[in-house]
2 protein chains.
Amino acid sequence: MNLRDLRYLLAVAEHGHFGRAARACGISQPTLSVQIRKLEELLGVALFERTSKTVVPTSSCERLVGHARAAVAEAEAIFAVARDLRDPLAGRFRLGIIPTLAPHLLPLIFAPLRQALPALDLEPWEDQTVALLERLRAHELDAALLATEMDGPDLASQPLFAEPFLAALPPEHPLAGRDVVAEVELARDILVLADGHCLREQALAACGYNGAFGGALRAASLATLLNMVAAGYGTTLIPGLAAGAAQDAGIVLRPLAARAGRTVRIAWRAHFPRRAAVQAVGEVIATRLRGFAAAGTV
Amino acid sequence: MNLRDLRYLLAVAEHGHFGRAARACGISQPTLSVQIRKLEELLGVALFERTSKTVVPTSSCERLVGHARAAVAEAEAIFAVARDLRDPLAGRFRLGIIPTLAPHLLPLIFAPLRQALPALDLEPWEDQTVALLERLRAHELDAALLATEMDGPDLASQPLFAEPFLAALPPEHPLAGRDVVAEVELARDILVLADGHCLREQALAACGYNGAFGGALRAASLATLLNMVAAGYGTTLIPGLAAGAAQDAGIVLRPLAARAGRTVRIAWRAHFPRRAAVQAVGEVIATRLRGFAAAGTV
DNA sequence: TGACGCGATAGACACCGTCTATGATGACAG
DNA sequence: CTGTCATCATAGACGGTGTCTATCGCGTCA
């Protein structure tokens with residue numbers, strides 16, 4: 001049985017006339033007669049009582065048309081919903097963002113995203129890199145903003161913008177008097193984030209650490225780390241977009257001699273069908289952050 | 001779009017695997033791949049994210065499967081309902097019956113009908129001949145029990161049994177002493193039913209009336225007519241099946257010399273598709289009334 | 001690195017939905 | 001009562017498409 005057959009059935013039931021029903025269906029009258037006859041044979045039920053004058057639905061037919069109407073309506077609904085879903089730049093878009101980036105980047109890109117992609121329903125999800133990749137692979141995210149290289153056979157990514165690091169110093173720190181701070185000078189009393197934050201390893205690497213890091217203090221969040229630096233526990237490297245928050249915390253920021261930094265990338269599943277949405281979101285973000293690395297300010 | 005396509009969609013969504021879904025649908029894997037691809041192109045929506053390892057429904061797909069499931073379910077319901085309707089000897093059967101027959105015949109045939117046709121849901125409808133024929137032609141009845149000849153191009157009928165008339169007399173009536181009464185002897189003080197009852201004309205014809213009948217008293221129902229006879233207002237002819245009711249009313253019944261009577265027929269639309277049900281009902285009735293005309297009793 | 005599993009692609013085939021032409025039947029008017 | 005009209009049914013031809021088998025491309029795993 002076919003949805004087409006059900007449409008034919010409904011047309012004949014409605015018009016009570018094969019010729020008119022056929023015209024309404026856009027087919028010839030013999031075709032309609034044959035199809036209705038076949039449907040009757042398939043169901044084993046007489047659907048219409050035919051006279052040369054009238055075509056009247058049988059009581060059996062009346063018991064069936066309700067279901068036929070419902071089936072056709074559901075099929076129409078599929079088309080209607082699909083029409084709404086057709087635009088890859090519309091609908092829910094679940095975007096993972098690492099914690100050291102989210103609170104500072106999101107305020108910058110919400111407005112441009114809403115303007116450029118008004119139909120896109122952005123759902124940010126903040127978590128650490130490993131968790132984001134896991135959710136991405138599990139189809140629980142559509143894309144993720146990361147600061148690590150990570151392409152594999154199943155995932156793809158694309159750089160969006162470079163984010164330089166800055167030396168974060170307590171006001172009373174000896175280095176605070178400098179215009180520029182060399183990365184290795186921070187190594188002595190550097191504070192870092194807890195395990196799992198990509199910024200932790202990147203900051204240590206920038207300062208010249210190769211092996212294990214012996215420092216005991218490990219901040220669970222960038223905000224805590226900033227508070228600790230402000231309180232004089234040590235120094236650290238912060239991502240450039242966090243500059244505002246750091247200054248609010250009373251921290252002295254200095255550019256780095258070797259211009260250490262990280263690259264923020266957008267990542268997605270290689271087979272993700274809404275590549276266009278990923279592309280569009282990435283472009284909005286890259287455009288918004290254009291020139292940030294050079295100017296050091298947004 | 002086809003119901004088949006929706007079934008395929010549901011199968012792939014459920015199994016997450018083209019090969020297994022194809023096996024579940026009873027088709028080959030390439031066929032399923034092609035059909036799903038076509039559905040995606042038709043809807044303009046990516047339904048699945050394919051990897052060599054996994055097949056995951058997109059969020060669009062998840063928005064659609066509900067409707068797909070509903071459409072398929074309604075189609076299944078059509079088959080299920082049709083299966084119940086397939087038996088022409090099952091389901092509602094609206095049977096019209098004339099008023100001079102209904103109260104006396106129905107008690108006799110209910111039990112045999114229920115026994116012979118347990119799935120048939122009999123709905124009796126009592127009205128006069130003309131009204132019954134109108135409802136029959138309007139498809140508001142499936143068949144009718146009448147006492148008149150009435151075949152036309154659109155209607156067909158078949159005799160079920162002969163019902164002899166009886167002379168109905170007040171106990172004190174001069175004819176009450178006879179064993180047999182001649183029809184014409186009733187003409188002098190006969191009482192008849194109101195216009196519209198076929199029994200009215202048949203009774204008058206049996207008594208030899210050809211033209212207009214001048215009698216002023218016209219009973220609206222057979223019960224009233226019997227009461228009037230019992231009260232001594234006159235005589236009448238009653239159908240044989242009403243004998244019990246007449247005797248209960250205190251009326252004397254006598255056979256008629258010329259054996260006047262009527263033939264009860266079942267009538268249906270010539271194109272009515274459930275001829276088998278009509279036939280079966282007719283046979284049950286005819287069987288139950290076999291020998292009634294001869295024996296004069298049921 | 002070779003074997004295996006999975007989905008995509010290609011080409012052949014058969015079914016069936018569609019058409020036009022025509023038949024059968026009943027209604028209606030002259 | 002007979003020709004005409006309208007209606008649905010039937011017949012035969014045609015084209016689209018759903019299906020198959022065979023094969024490819026790709027990724028995984030031992």
Side-chain angles (χ1 to χ4, degrees), chain A residues 1-43 46-58 61 137 139 151-156 269-273, chain B residues 1-43 46-58 61 137 139 151-156 269-273:
Chain A
M1 187 173 60
N2 202 317
L3 279 170
R4 194 192 326 115
D5 300 330
L6 299 184
R7 281 184 236 272
Y8 293 170
L9 164 65
L10 294 176
V12 176
E14 184 184 342
H15 288 90
H17 188 288
F18 275 76
R20 280 192 288 278
R23 225 167 304 133
C25 294
I27 58 173
S28 71
Q29 168 266 315
T31 300
L32 185 60
S33 287
V34 168
Q35 292 308 106
I36 293 290
R37 172 73 64 199
K38 282 189 181 176
L39 185 59
E40 285 178 316
E41 282 164 13
L42 175 68
L43 297 177
L47 295 170
F48 297 99
E49 194 172 326
R50 302 148 167 86
T51 313
S52 65
K53 208 71 203 163
T54 59
V55 176
V56 181
T58 62
C61 181
R137 287 197 166 92
H139 292 74
D151 294 4
D154 58 338
L155 296 181
R269 289 185 301 282
H271 294 88
F272 184 57
Chain B
M1 187 173 59
N2 202 315
L3 278 169
R4 192 191 330 114
D5 300 330
L6 298 184
R7 281 184 235 273
Y8 293 170
L9 164 66
L10 294 175
V12 176
E14 185 184 339
H15 288 91
H17 188 287
F18 275 75
R20 279 192 290 276
R23 224 167 304 133
C25 293
I27 59 174
S28 70
Q29 169 266 315
T31 300
L32 185 60
S33 288
V34 169
Q35 292 309 105
I36 293 289
R37 172 73 64 199
K38 282 188 181 176
L39 185 60
E40 286 180 315
E41 280 164 14
L42 176 68
L43 296 177
L47 295 171
F48 297 99
E49 193 172 327
R50 301 149 168 86
T51 313
S52 66
K53 208 71 204 165
T54 59
V55 176
V56 182
T58 63
C61 181
R137 287 197 167 91
H139 296 253
D151 293 4
D154 58 338
L155 295 182
R269 290 185 300 282
H271 294 89
F272 183 56

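Every chain is numbered from 1, with letters handed out A, B, ... down the list of sequences. Atom set for the values below is all heavy atoms of this structure, side chains included, hydrogens, waters and symmetry mates excluded. Given the structure is predicted, the values throughout are model-derived calculations rather than measurements.
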Exercise for the section: Take the protein atom CZ of B:Arg37 and the nucleotide atom C1' of C:dG7, then report the distance between them rounded to whole Å. Expected result: 10 Å

Handout entry: First-last contacting nucleotides on DNA chain D - partner chain B, under 4.0 angstrom, heavy atom
Key = D:dG18 to D:dG27

Exercise for the section: Please test A:Leu47 against A:Leu9 for side-chain contact (heavy atoms from CB on, under 4.5 Å), starting from the C-alpha separation and ending with a verdict. Expected result: CA-CA 8 Å; A:Leu47 295 170; A:Leu9 164 65; 4.0 Å; yes

Fill in the blank from the handout: Its contact letters, B for base, S for sugar-phosphate only and - for none at protein heavy atoms under 4.0 Å, make nucleotides 10-26 of chain C read -------SSBBB----S

Practice task
If a pair satisfies salt bridge (charged side-chain N to carboxylate O under 4.0 Å, His left out) and one of its residues is in residues 28-41 of chain B, list it, with sequence neighbours excluded.
Solution key: B:Arg37-B:Glu40, B:Glu40-B:Arg50

Completion exercise
Heavy-atom closest pair (B:Arg20 atom, B:His17 atom, distance to 0.1 Å) is N-ND1, 2.9 Å

Completion exercise
Note: for B:His17 and B:Asp154 on DNA chain C, the residue whose nearest nucleotide lies more 5' is B:His17

Practice task
Kindly indicate whether the side chain of B:His15, heavy atoms from C-beta on, has any atom under 4.5 Å from the side chain of B:Arg23.
Solution key: no

Practice task
Return no unless some side-chain N or O of B:Arg50 is found under 4.0 Å from OP1 or OP2 of C:dA8.
Solution key: yes

Practice task
Decide yes or no for A:Leu155 and A:Arg269: does some side-chain heavy atom of the first lie under 4.5 Å from some side-chain heavy atom of the second?
Solution key: yes

Practice task
Kindly indicate, with the supporting measurements, whether the criterion side-chain contact (heavy atoms from CB on, under 4.5 Å) is fulfilled by A:Leu39 and A:Tyr8.
Solution key: CA-CA 10 Å; A:Leu39 185 59; A:Tyr8 293 170; over 6 Å; no

Completion exercise
What one should report as the nearest heavy-atom pair of B:Phe18 and B:Ser33 is CD2-OG, 3.4 Å

Exercise for the section: Answer whether the closest heavy-atom distance between the side chains of A:Val12 and A:Val55 falls below 4.5 Å. Expected result: yes

